[in-house]
Amino acid sequence: MSTLEAAQAGDETAFERLVEPFRGELHAHCYRMLGSLYDAEDALQEAMIRAWRGLDRFEGRSSLRSWLYTIATNTCLNAIAKRPKRVLPVDYGPAADPHDAPGEPVVESVWVEPYPDEMLGVEDGYAAPEARYEMREGVELAFVAALQHLPPNQRAVLVLREVLGFSAKEVADQLETSVASVNSALQRARAAVEERVPEQTQQATLRTLGDDEMRELVDRYVDAWERNDVEQFAAMLAEDATFAMPPLATWYSTREGIAEWARGWPLSGAWRWRTVFTRANGQPALAFYTWDEDVQAYLPFALNVLTFRGSQIADVTAFVTRSTEETRQEAYERWPDQPFDERRLSGTFGRFDLPDRLTD
């Protein structure tokens with residue numbers, strides 16, 4: 001009896017063996033569709049339950065991989081219909097005045113979340129010869145954020161065709177529509193995404209830089225923060241750079257504006273910073289820790305995902321781990337002093353297998 005036949009006969013162990021090779025890529029697919037690590041995990045779990053319950057109806061007319069993607073995609077489409085879309089702060093509202101401290105948080109869960117692609121086994125290269133995006137390009141922060149602005153069916157078509165390399169006929173079958181509708185949706189989705197993503201992907205930019213130059217740039221960035229050197233920090237930014245801090249809607253723009261804000265708040269000398277290098281969304285990232293006098297250690301503050309344009313930093317998205325329960329504006333002027341939000345701490349430092357503290 002084959003593994004498939006055993007699973008169809010009700011052998012749960014056989015089912016796990018059957019789907020395990022696809023679990024990592026299906027998780028990444030759900031993340032691309034939903035923009036959230038937690039939502040992706042929930043959707044994948046639900047899709048696996050649906051697959052288990054429906055396996056006796058799988059007749060092999062498509063590949064098992066295609067059948068699983070059909071289930072996962074439709075599970076994600078159902079989830080999208082029940083919640084607000086996720087975005088980054090730069091898409092939520094205008095930039096803040098650099099002389100103002102970060103403002104109050106948005107209560108609703110509307111933010112794209114970081115993705116531990118290396119921990120979850122997202123591979124290099126293309127999923128199929130027909131794919132237009134590399135698998136790691138398909139989890140880059142700007143790309144995932146751009147996907148969230150698409151109507152759900154266009155989002156599904158773009159991911160299935162351009163990232164995963166399914167044919168137009170396969171996607172039409174998966175979404176129960178026509179090839180003509182798939183091609184039309186793809187054309188509109190492609191144009192909309194290209195308006196929002198950088199001209200060069202992060203994978204291409206990082207290959208051009210090379211590992212050594214990229215690490216040298218990151219080390220200079222870290223040095224500037226650890227020494228509260230606003231000028232060195234600003235010199236590394238692109239002229240039109242952005243700095244965002246979800247879960248706050250507040251973000252700052254331009255090299256000059258970000259420097260002005262940094263001088264008044266994070267690099268004012270009021271806090272001491274240490275970092276750990278990691279990767280998120282196929283990009284360099286830094287886990288920032290701030291000194292806690294009571295604990296006598298550096299505790300997690302934010303996971304900063306860096307987006308490069310050439311040798312300059314074009315965008316910083318700092319996913320902050322601290323609580324947003326406080327309603328007073330003053331609390332966010334000294335946000336590093338606020339307690340942890342355990343869900344955000346788990347979704348960043350926990351899922352990225354980062355230390356829970358650093359000591360001098």
Query raised in the report: So, are Arg61 and Asp173 salt-bridged, with charged N and O less than 4.0 Å apart?
Result: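 Not counted as a salt bridge, because no side-chain N and carboxylate O are separated by less than 4.0 Å.
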
Within 6.0 Å of [atom1] in [X], more than 12 heavy atoms from elsewhere:
X	atom1	result
Glu226	CD	yes
Glu330	CD	yes
Glu20	CD	yes
Glu333	CD	yes
Gln187	CD	no

Requested in this report: Using the side chain to side chain contact (heavy atoms under 4.5 Å, CB included) rule, take Leu209 and Ser311 through it: C-alpha gap first, then chi angles, then the decisive distance, then the call.
Outcome: CA-CA 7 Å; Leu209 280 175; Ser311 60; 4.2 Å; yes

Between [X] and [Y], what is the shortest heavy-atom contact and its length?
X	Y	answer
Leu26	Ala72	CD2-CB, 4.0 Å
Cys30	Ala43	SG-CB, 4.1 Å
Ile80	Pro152	CG2-CG, 3.7 Å
Met1	Ala6	SD-CA, 3.4 Å
Tyr69	Gln174	CB-NE2, 3.9 Å
Trp67	Phe58	CG-CD1, 3.5 Å

Report task. For Tyr92 and Thr250, run side chain to side chain contact (heavy atoms under 4.5 Å, CB included): C-alpha distance rounded to whole Å, both residues' side-chain angles, the deciding distance at 0.1 Å, then the answer. Result -> CA-CA 9 Å; Tyr92 192 82; Thr250 307; over 6 Å; no

Query raised in the report: Listed by chain and number, what are the ring-ring contact (aromatic ring centres under 6.0 Å, His included) partners of Tyr115, not counting sequence neighbours?
Result: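 Result, ring-ring contact (aromatic ring centres under 6.0 Å, His included) vs Tyr115: His27, Tyr31.
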
Query - With sequence neighbours excluded, residues passing ring-ring contact (aromatic ring centres under 6.0 Å, His included) with Trp251 - result: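 ring-ring contact (aromatic ring centres under 6.0 Å, His included) check on Trp251 returns nothing, list empty.
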
Ignoring hydrogens and geometry beyond distance, is a side-chain donor-acceptor pair present between [X] and [Y] at under 3.5 Å?
X	Y	answer
Gln202	Arg136	no
Glu113	Ser36	yes
Arg309	Gln200	no
Tyr298	Arg357	no
Ser178	Ser181	yes
Gln338	Ser323	no
Arg188	Ser184	yes
Gln283	Thr307	yes
Thr242	Asp315	yes

Would you confirm whether [X], through its side chain, and [Y], through its main-chain N or O, come within 3.5 Å as a donor-acceptor pair?
X	Y	result
Glu260	Gly257	no
Gln329	Pro102	yes
Glu239	Thr254	no
Trp271	Thr290	no
Asn74	Thr70	yes
Gln232	Asp229	no
Gln148	Arg32	yes

Do [X] and [Y] have side chains that approach each other closer than 4.5 Å (heavy atoms only, starting at C-beta)?
X	Y	answer
Met48	Leu68	yes
Leu303	Phe288	no
Pro247	Arg344	yes
Arg263	Ser268	no
Pro114	Thr348	yes
Pro336	Trp291	no
Arg322	Leu299	yes
Leu164	His29	yes

Report task. Kindly indicate, with the supporting measurements, whether the criterion salt bridge (charged side-chain N to carboxylate O under 4.0 Å, His left out) is fulfilled by Asp39 and Arg86. Result -> CA-CA 11 Å; Asp39 290 355; Arg86 289 181 179 268; 3.3 Å; yes

Is the charged tip of [X] near the ring of [Y]: under 6.0 Å from the six-membered ring centre and within 45° of its axis?
X	Y	answer
Arg215	Phe277	yes
Arg161	Phe166	no
Arg343	Tyr38	yes

Requested in this report: Could you walk me through whether Thr321 and Asp341 pass side chain to side chain contact (heavy atoms under 4.5 Å, CB included), step by step?
Outcome: CA-CA 6 Å; Thr321 65; Asp341 178 293; over 6 Å; no

Report task. Report the C-alpha separation of Arg23 and Glu16 in whole Å, then their side-chain angles, then the decisive distance to 0.1 Å, and conclude whether the salt bridge (charged side-chain N to carboxylate O under 4.0 Å, His left out) test is met. Result -> CA-CA 10 Å; Arg23 194 177 289 275; Glu16 285 302 320; 2.9 Å; yes

Requested in this report: Could you go through the side chain to side chain contact (heavy atoms under 4.5 Å, CB included) check for Leu158 and Leu150 one step at a time?
Outcome: CA-CA 9 Å; Leu158 184 78; Leu150 296 176; 4.1 Å; yes

Query - Test of ring centre spacing under 6.0 Å for Tyr289 and Trp273 - result: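 They do not qualify: ring centres at least 6.0 Å apart.
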
Query raised in the report: Are Phe319 and Trp111 an aromatic pair by the rule of ring centers under 6.0 Å?
Result: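 When the ring centroids of Phe319 and Trp111 are compared, they turn out to be at least 6.0 Å apart.
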
Report task. Begin from the C-alpha positions of Arg65 and Glu170 and carry the test salt bridge (charged side-chain N to carboxylate O under 4.0 Å, His left out) through to its verdict. Result -> CA-CA 11 Å; Arg65 178 175 180 265; Glu170 287 175 307; over 6 Å; no

Query raised in the report: Between Met33 and Val122, is there a shared hydrophobic cluster once you connect ILVMFWY residues whose side-chain heavy atoms come closer than 4.5 Å?
Result: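 Not linked; separate clusters.
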
**Report entry** Criterion side chain to side chain contact (heavy atoms under 4.5 Å, CB included) against Phe143, the qualifying member of Thr201, Val163, Asn281
**Finding:**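 Exactly one candidate clears the test, Val163.
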
Report task. For residues 40-56, pull every pair meeting side-chain hydrogen bond (donor to acceptor under 3.5 Å, both in side chains), keeping only residues two or more places apart or in separate chains. Result ->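 Only Glu41-Arg351, Glu46-Arg50, Arg50-Thr75 qualify under side-chain hydrogen bond (donor to acceptor under 3.5 Å, both in side chains).
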
Query raised in the report: For the atom pair CD (Glu137) and CG (Asp124), what is the distance rounded to the nearest 0.5 Å?
Result: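 Here the interatomic distance stands at 10.5 Å.
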
Requested in this report: To the nearest 0.5 angstrom, please state how far the CG atom of Leu88 sits from the OG1 atom of Thr317.
Outcome: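 Reported value, rounded in 0.5 Å steps: 5.5 Å.
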
